Amino acid sequence: MIYLLRRLGFAVLVLWASYTVSFAVLYLLADPVATLVARASDGSAVTAAELAELKARYGLDQPVPVQYLDRLGAALQGDLGRSFVSGQPVGRTIAESLPPTLQIAAAGLVLAVVLGAGVALTATYTRSRWLAQALMGLPSLAVSLPVFWVGLMLVQLFSFRLGWLPAVGARGPEALILPAVTLALPTGALIAQVLVKSMGQALAEPYVTTARAKGVGPLAVHLRHALGNAAIPALTVLGYVTGNLLAGTVVVETVFTRPGLGRTTVSAVADQDIPLVQGVVLFAAVVFVLVNLAVDLLYPLLDPRVTQAVPA
């Protein structure tokens with residue numbers, strides 16, 4: 001119970017910090033009034049009455065501490081404000097942009113887990129030294145490759161040269177393959193790096209030696225005895241990369257000209273749409289916190305010593 005309360009308290013703290021920092025950066029360092037005037041004037045002069053009406057409409061006529069508390073209170077009730085550009089609620093804009101992003105994020109995550117686990121298990125299971133060394137070198141190479149470069153190379157090969165898959169758009173399942181692979185390669189490489197190291201440590205533990213002495217086969221030793229403990233560090237990384245897949249979708253959706261939250265974010269930044277940018281930042285923080293909270297709650301299922309180590 002104490003473990004759960006601490007995790008929940010940390011999650012709340014992270015969300016509050018994310019909101020506060022994004023408010024400070026966007027509303028204090030930027031000039032929302034100038035942005036609004038530029039949107040409303042269309043090159044003509046804005047009268048004092050029109051300026052006052054704009055400020056009042058978006059709550060910018062109040063002192064900064066009052067604006068912060070008002071916006072924080074509204075955010076706690078699910079109201080993230082209205083877009084400076086479209087005038088629509090930020091929450092609705094994010095919800096409408098989210099489904100295509102969830103498609104490639106989910107597909108990329110599943111593919112990353114399959115690739116990462118496959119490379120790690122094969123590298124630690126095979127008796128061929130050259131194959132093990134080759135597989136262990138692949139994750140370092142894949143992690144170092146920029147996501148946009150991977151996407152462009154995949155488009156060049158599979159779309160322009162071979163003509164197997166579409167280069168742009170989001171129509172049909174085949175349009176999901178290249179974006180998902182682009183997201184999965186660096187993510188799966190990171191998972192493989194951690195899992196290879198933790199599998200090597202787990203296979204050197206005394207309980208694995210005992211299992212082998214009892215006649216347990218190599219595959220059973222890998223999957224039944226070593227993988228459970230080795231999965232804990234990989235699970236930590238999985239929680240981290242899941243939260244960061246949203247950042248990867250910004251690049252992927254731009255490269256493959258796909259609709260989604262990533263392209264919405266790029267447009268919001270270019271248009272200086274401050275409420276929408278802050279809403280996306282807060283949404284990403286919520287996703288990151290929820291995923292990592294779920295990972296934290298899974299730790300005791302894999303290793304009960306996690307909760308036992310928490311003082312009463």
Side-chain angles (χ1 to χ4, degrees), residues 101-159 162 164-165 167 175-204 222-223 226-256 258 260-262 284 287-288 291-292 294-295 298-299 302:
T101 299
L102 289 180
Q103 286 183 347
I104 59 172
L109 180 61
V110 171
L111 187 57
V113 172
V114 172
L115 290 175
V119 169
L121 292 176
T122 304
T124 55
Y125 180 78
T126 183
R127 295 182 180 180
S128 174
R129 176 172 294 184
W130 71 266
L131 178 59
Q133 291 178 345
L135 290 175
M136 289 181 184
L138 286 178
S140 299
L141 175 62
V143 168
S144 64
L145 299 177
V147 175
F148 73 90
W149 185 86
V150 173
L152 291 175
M153 291 301 100
L154 291 176
V155 168
Q156 180 69 24
L157 176 60
F158 293 101
S159 298
L162 299 177
W164 292 352
L165 298 168
L176 187 63
I177 296 176
L178 291 184
V181 172
T182 303
L183 276 180
L185 286 179
T187 303
L190 187 57
I191 294 173
Q193 277 186 324
V194 176
L195 192 55
V196 163
K197 183 177 180 179
S198 57
M199 281 293 294
Q201 295 173 346
L203 290 170
H222 254 68
L223 299 181
L227 184 58
N229 287 332
I232 294 179
L235 189 62
T236 303
V237 173
L238 184 62
Y240 172 78
V241 298
T242 301
N244 282 273
L245 279 176
L246 287 176
T249 60
V250 174
V251 177
V252 170
E253 290 175 0
T254 301
V255 170
F256 293 95
R258 289 179 58 92
L261 190 59
V287 172
F288 183 83
V291 170
N292 282 272
V295 169
L298 286 175
Y299 284 157
L302 295 176

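Note that the coordinates shown come from a computational prediction; the quantities given were computed from them, not determined experimentally.
- In this structure the side chain of Leu154 reaches within 4.5 angstrom of the side chain of Thr182, judged on heavy atoms.
- Looking at Thr122, its side chain never comes within 3.5 Å of a backbone N or O of Val119 through a donor-acceptor pair.
- The CD1 atom of Ile177 sits 11.0 Å away from atom CH2 of Trp164, with the distance rounded to the nearest 0.5 Å.
- Looking at residues two or more places apart in sequence or on another chain, you find a side-chain contact (heavy atoms from CB on, under 4.5 Å) between Leu185 and Leu115, Val150, Val181.
- In terms of the side chain to side chain donor-acceptor pair (under 3.5 Å) criterion, Thr187 has no residue partners (sequence neighbours excluded).
- Under the side-chain contact (heavy atoms from CB on, under 4.5 Å) criterion, Ala189 pairs with Pro139, Ala142, Val143, sequence neighbours left out.
- Every side-chain contact (heavy atoms from CB on, under 4.5 Å) that Gln201 has, sequence neighbours left out, goes to Lys197.
- The shortest heavy-atom contact between Ala192 and Ala120 is O-CB, 4.0 Å.
- Residues satisfying the ring pair (Phe, Tyr, Trp, His ring centres under 6.0 Å) test with Phe148, not counting sequence neighbours, are none.
- The two atoms that bring Leu183 and Gly108 nearest to each other are CB-CA, 4.4 Å, heavy atoms only.
- Atoms CG and CG, on Leu121 and Leu135 in that order, are 11.0 Å from each other to the nearest 0.5 Å.
- Residues passing the side-chain contact (heavy atoms from CB on, under 4.5 Å) test with Leu157, sequence neighbours excluded: Leu162.
- A donor-acceptor pair under 3.5 Å is formed between the side chain of Thr101 and the backbone N or O of Leu261.
- When every heavy atom of Thr124 is checked against every heavy atom of Val196, the shortest pair comes out as CG2-O, 4.1 Å.
- In this structure, Ser198 contributes its side chain and Leu195 its backbone to a donor-acceptor pair below 3.5 Å.
- Between the CG atom in Leu102 and the OG1 atom in Thr249 there is a gap of 9.5 Å [rounded to 0.5 Å].
- Residues Arg258 and Pro179 form a side-chain contact, since some pair of their non-hydrogen atoms from C-beta on lies under 4.5 Å apart.
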